[in-house]
Structure formats: structure tokens, C-alpha cells
Amino acid sequence: MIAIGADHAGVRLKAEIAEYLRSRGIAVEDVGTFDETSTDYPDYAEKVGRLVVDGVADRGILICGTGIGVSISANKIAGIRAALCSETFSARMSREHNDANVLCLGARVVGGGVALDIVGSWLEAAFAGGRHQRRVDKIGALERGALAR
Ligand code: RB5
């Protein structure tokens, strides 16, 4: 299951992406927002991030105007590795090298067509492990304040 959330700036793109995911047979939990009334992006980053770290969702997708606010917010949650992507190469590498568990998109940055390509690339890519596992482990150590200075 993929958890998806957006603020008012991302609500339309969220609906497009949710429809795309469902058309591919992927279960979606949409945490909102559901209209264009002004709202606060950290609230949706928290909802999606918690579903991912609690293991309820396999991965998450977050959208705001630039994607920056949701990515900064989601990355404050221990266990979340959120990647803000505007093209498919970064989306693929965020899975292969960084084991990103949340994809962030800027609805004012990318159009619907590019966004769906990014989501498709991100879903199809797998974590490569090996030397990248050591680096991802060090991200976890940074979160715990356990990395040697
Ligand atoms: C909302 O106007 C906008 O600030 C928000 O969607 C996002 O772009 C913040 O990073």
C-alpha cells in the first residue's frame, strides 16, 4: 500500500497520482487534504511518514507546491528517507542508492505527465544494497546521534 498526502497546492496532482496508482492495481491510502483550502504541509508529511515508519504503508508520496516543505518535514521523522525529485533519474537513484521510502513532488514544478513518469520510475526501481546499505545505515546512525564526529 502507498500512502499519499498533499497540501492545498498539491491536491490536484495528488488525485492524478492516486488514480494512476489505482489503475496499476496498487492500493492507496489518501490522508488528504481533499480541497484547495489553505492548509499546512507538515500535517500531511506527518500522516504519511507515520504510516510508513509504522509499517502500515510500504512507501509514501507527498506533494506540496515545491515539494520542499513536505520533504523537509518528512525527513524529520526517524526512519523516513524522503527524496524530492523533479525528473526520473533522481527518482530511480533515490531508490537504488538511498532506499528512499517517501517520494516528494512539487506540483508547481512538474506537470502531471512528468510527475506520473517520476512515480512510475520510483515504483519500479529497487534498492541496490551492498555499499549503499552501509551508507543508509549511517543515515540511521545520524538520526540516532550515534555517528562518530
Ligand atoms: C504553499 O503556498 C506552499 O508554500 C507549499 O505548498 C510548499 O511549496 C512549501 O514548501
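Atoms considered below: every heavy atom in the structure, side chains included; atoms not considered: hydrogens, waters and symmetry mates. Atoms within a ligand are numbered from 1 in the order they appear, just like the ligands themselves.
- For atom 2 (O) of ligand 1, the closest non-hydrogen atom of the protein is R108 NH1, 3.4 Å.
- Closest protein heavy atom to atom 1 (C) of ligand 1: H8 NE2, 3.7 Å.
- Remark: ligand 1 atoms within the under-4.0 Å shell around heavy atoms of A9 are 6 (O).
- For F89, the CZ atom is loosely surrounded, since the number of other residues' heavy atoms within 6.0 Å does not exceed 12.
- Taken together through direct or relayed side-chain contacts under 4.5 Å among Ile, Leu, Val, Met, Phe, Trp and Tyr, V52 and V28 form parts of separate hydrophobic clusters.
- Under the 4.5 Å side-chain heavy-atom criterion for grouping Ile, Leu, Val, Met, Phe, Trp and Tyr, L123 is not connected to M93 through any hydrophobic cluster.
- Of the heavy atoms in D7, only side-chain atoms (C-beta onward) come closer than 4.0 Å to ligand 1.
- A salt bridge is absent between D43 and K47: the closest approach of a Lys/Arg side-chain nitrogen to an acidic carboxylate oxygen does not fall below 4.0 angstrom.
- Some N or O of G65 is nearer than 3.5 Å to an N or O of ligand 1, by distance alone.
- You'll find the side chain of C85 reaches within 4.5 Å of the side chain of L103, heavy atoms only.
- With respect to K76 and E143, no salt bridge is recorded, no charged nitrogen being found less than 4.0 Å from a carboxylate O.
- Counting protein heavy atoms under 4.0 angstrom from atom 4 (O) of ligand 1 gives zero.
- Among all non-hydrogen protein atoms, the one lying nearest atom 10 (O) of ligand 1 is G69 N, 2.9 Å.
- Scanning the protein heavy atoms around atom 8 (O) of ligand 1, the nearest turns out to be T66 N, 2.9 Å.
- In this structure, atom 9 (C) of ligand 1 lies nearest to the protein heavy atom Y41 CE2, 3.4 Å.
- For the pair R12/E16, no side-chain contact is recorded, criterion being any heavy-atom separation below 4.5 Å from C-beta on.
- Residue contacts with ligand 1, taken as heavy atom pairs separated by less than 4.0 Å, involve C64 via backbone and side-chain atoms alike.
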